[in-house]
Amino acid sequence: MKRTHHCNELRPAHIGRNATLSGWVHSRRDLGGLIFIDIRDREGRTQTVFDPSDLPKELFDRAAALRSECVVSVSGPVRTRPPGSNNPKIPTGEIEIAATSLEVLNMAAVLPFPVDDPEVAKTVNEELRLQYRYLDLRRPEMVRNLRLRSKVATASRVYFDAQGFLDVETPTLFKSTPEGAREFLVPSRMHPGKFYALPQSPQQFKQILMVGGVEKYFQMARCYRDEDLRADRQPEFTQIDLEMSFIEREDIYTLIEGLLKQIWKTALDRDIPTPFPRLSFQEALNRYGIDKPDTRYGLELADFTGEFRASAFKIFSGAIAAGGVIKVLNAKGLADATQGQIETMTEYAKSLGAKGLAYIKVEKGEWKSPIVRFFSEAEKAALAQRLKIEEGDLILFAADQWLTACEILGKIRGYCADVLKSSGKLIIDPNRFDFLWVVDFPLLALDKEQNRWYSSHHPFTAPVAEDIPLLSTDPKKVRGQHYDIVVNGVELGGGSIRIHQPELQKLVFEQVLQIPPEMVQARFGYLLEAFRYGAPPHGGIALGFDRLIAILCGAPSIRDVIAFPKTAKGADLMTDSPAGVEARQLRDLYLEVKVAKKD
RNA sequence: GGGGGUGUAGCUCAAUUGGUUAGAGCGCUGCCCUGUCACGGCAGAGGUUACGGGUUCGAGCCCCGCCACUCCCGCCA
């Protein structure tokens, strides 16, 4: 070993002993006759001193020639610092190493950006950080994120092992199942013209594992989706994936609550209260306008359909007559919203199909609004009372079909919260975590363009038993045994109890989803076949591991908790991938590229 | 595919809104400095203002195009 201690280990108790530290030159302070070099490794940093009166000139000159991020091994006695020169900012600040030898393990070129200064480093252009990711990863903040990620992964494995789960790996060379996310395709050399697909999740394999009698499966599963990226979405990402046999929804809730309790304890030493609150999909939409509500702040939606049913304001009464509802949001303290902000909110409404956005600004004791003159005194009184309208409020209305009206104000609620946060009017404790389960999702949603039903989760989700008869009569009313786990408005994961009866699964595919029988056979025939030979009732869930770690780290993007993430265009700036391939490779795969080369 | 933001020295940012030779701090190079820890002092080098066009007497600044990064919408069963 080129080291006897790490750089966050030596204390006054070690004084007098010889030590060897290895690491990077964190900073060098050359006083001319005396040189201080801070050695940094993963654990921390320690000061070493090079004193020319004790050292050969050659050794001192080599120390003088070092620069930031050179890799060195320094040996010498641990000694106390002169009185008054301790550094209380670092844990090793009471001691130093009086260097007697220096081995330069590697020199470092002048750096493209500083890694020693946390203030500068965190403002460095992310493009540069990604290009020189190995330098970025040396920053203590990134080390901390990777360490926390590793700790949480281990805690999860320990937890599942203790609960009797088997860690089973599933293939990443799968086959294409065109429903759902766009897939990455892998051409097969041995089967000309045929392709594997990288799995968007191990969904079907884990169900087959249940048929295979595994009973309790889990995996830190890598998943791939060829969709556009976001701060919380990468083309390859990791899920804590699990499946269990002979269970009901409640078993999953208990299991995951226990897991998250364990994780929060491990990562943050925090005790989170369980069980988590449960919210039906309908209640989530009614109160928050979204199926993954952030309940750390209020701004709840109210329903005024009753009050406006007979309103003289035809836009409202007309919407109700057409089967719609009136939803209202009191954005407290936002009467000073700018024209641009109102416009942004209006655009949200329009993007969901509304014609516009009605609002009232409560300023100087007056209701300023283009529509308020159409309201009766009773209607105004009802608004004032139920919304507790005060000076400075901004009242926003959505008149539409129930789901649309809720979603419009849900988006606006989120936007208003952002505006209030940035103006300091809304302060959220960064240590607060609001977990909740969202349950009773509709099993199906209607594709208006194609006029057919599609699975709101996925086609393997079991209907709530008592709703099964509705599948053929009123599909819209069928609830799925699906559940989402949400924290602070982030969808952390989701899962469901699955269909395990081949007849029901076939019915969903063919009768409800209208997939032609031959296509069902080609894509899911093996699954239906498997179900014929004794498939146990089963269900599971998958948690977004990267999102989980980002929340624990307080990171704004999952890129900060992934060692080598990709840019918004799916590129790796360090390795410069994706990249072209040799003509011969294409020939081996029977592929022809028809797009003109850009470079 | 669409909308917003950003791009000036190695890094982080200025440049009085179109006006002389594009500046500062850090970093880098050289010299000085024996208790620093953001060490200090002196001197110096370093620029195709992402890139390509255009308008103008004159463009870092305005216009068009394009590239990269980023946030969002669509998309993500």
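For clarity, every value in this text was computed on a predicted model and none was experimentally measured. Sequence lines set the chain letters: A, B, ... in the order given, protein chains first and strands last, and positions in each chain run from 1.
- One P atom belongs to B:C39, the other to B:C71, and the distance between them is 33 Å to the nearest Å.
- Checking B:C75, B:U36, B:G10 against the side-chain heavy atoms of A:R29 singles out B:U36 as nearest.
- Separation of the C1' atoms belonging to B:C28 and B:A45 is 9 Å when rounded to the nearest angstrom.
- A 4.5 Å side-chain heavy-atom check between A:L198 and A:V186 finds at least one atom pair inside the cut-off.
- A donor-acceptor pair shorter than 3.5 Å cannot be found between the side chains of A:S496 and A:Q481.
- Under 3.5 Å, the side chains of A:R29 and A:Q47 contain a donor-acceptor pair of N or O atoms.
- Which of B:G10, B:G74, B:U36 sits closest to the side chain of A:P112 comes down to B:G10.
- When the C1' atom of B:G10 is taken as reference, atom CG of A:D136 falls 16 Å away, rounded to whole Å.
- Out of B:C37, B:C39, B:C75, the shortest distance to the side chain of A:E227 is found at B:C75.
- Between the P atoms of B:G23 and B:G30, the separation comes to 26 Å (whole Å).
- Proximity note for A:E96 (side chain, C-beta onward) versus B:C75, B:U36, B:C37: the nearest is B:U36.
- One cannot find a donor-acceptor pair under 3.5 Å joining the base of B:C37 and the side-chain atoms of A:R45.
- Spacing between B:G4 and B:G41 at atom C1', rounded to whole Å, works out to 48 Å.
- Look at B:C67: its Watson-Crick or wobble partner, with both distances under 3.5 angstrom, is B:G7.
- In this structure, A:R225 reaches the sugar-phosphate backbone alone: every heavy-atom distance under 4.0 Å involves primed, P, OP1 or OP2 atoms, never a base.
- Taking atom CZ of A:F60 as the reference point, atom C1' of B:C33 lies 11 Å away to the nearest angstrom.
- B:U34 atom P lies 16 Å from atom CZ of A:R28, rounded to whole Å.
- Closest approach of A:A284 and A:D291 over heavy atoms only: CB-CA, 4.4 Å.
- Here A:F36 packs flat against the base of B:U36; its ring centre is closer than 5.5 angstrom to the base's six-membered ring, tilted by less than 30 degrees.
- If you measure from atom OH of A:Y132 to atom P of B:C11, you get 9 Å, rounded to the nearest angstrom.
- One can find a donor-acceptor pair under 3.5 Å joining the base of B:U36 and the side-chain atoms of A:Q47.
- There is no side-chain donor-acceptor pair under 3.5 Å between A:E127 and A:Q131.
- The CD-C1' distance, from A:Q200 to B:C76, rounds to 9 Å in whole Å.
- Here the side chain of A:T567 is nearest to one of B:U34, B:U70, B:C11, namely B:U70.
- Of all nucleotides listed (B:U12, B:A38, B:C69), B:A38 comes nearest to the side chain of A:K89.
- A:H538 has its side chain within reach of A:H500: a pair of non-hydrogen atoms, C-beta onward, lies under 4.5 Å apart.
- Look at A:K569 and you'll find a side-chain N or O under 4.0 angstrom from OP1 or OP2 of B:A68.
- Comparing B:U70, B:C11, B:C71 against the side chain of A:A568 picks out B:U70 as the nearest.
- Within 3.5 Å, a donor on the side chain of A:R81 pairs with an acceptor on the base of B:U36, or the reverse.
- Comparing B:U49 with B:C67, their C1' atoms are spaced 16 Å from each other, to the whole Å.
- Taking atom P on both B:G27 and B:G65, the two are 42 Å apart, rounded to the nearest angstrom.
- If you measure from atom NZ of A:K411 to atom P of B:G74, you get 4 Å, rounded to the nearest angstrom.
- Here the separation of B:U21 from B:G40, taken at their C1' atoms, is 32 Å to the nearest Å.
- Annotation: side chain of A:I290 is not in contact with side chain of A:L285 (no heavy-atom distance under 4.5 Å).
- Pairing for B:G35 is absent, with no Watson-Crick or G-U wobble pair whose two atom distances lie under 3.5 Å.
- Here the separation of B:C66 from B:G1, taken at their P atoms, is 12 Å to the nearest Å.
- Backbone-only engagement by A:L128 is indicated by non-hydrogen atom pairs under 4.0 Å involving sugar-phosphate atoms exclusively.
- Look at CG on A:D30: it is 13 Å from C1' on B:G41, rounded to the nearest Å.
- Set against B:U12, B:G35, B:C76, the side chain of A:L34 has B:G35 as its closest nucleotide.
- Checked against B:U34, B:G1, B:C71, the side chain of A:A231 finds its nearest nucleotide in B:C71.
- Ionic pairing of A:D241 and A:R222 is not present here: no N-O contact between side-chain nitrogen and carboxylate oxygen is shorter than 4.0 angstrom.
- Closest to the A:R230 side chain, of the nucleotides B:C37, B:C72, B:C28, is B:C72.
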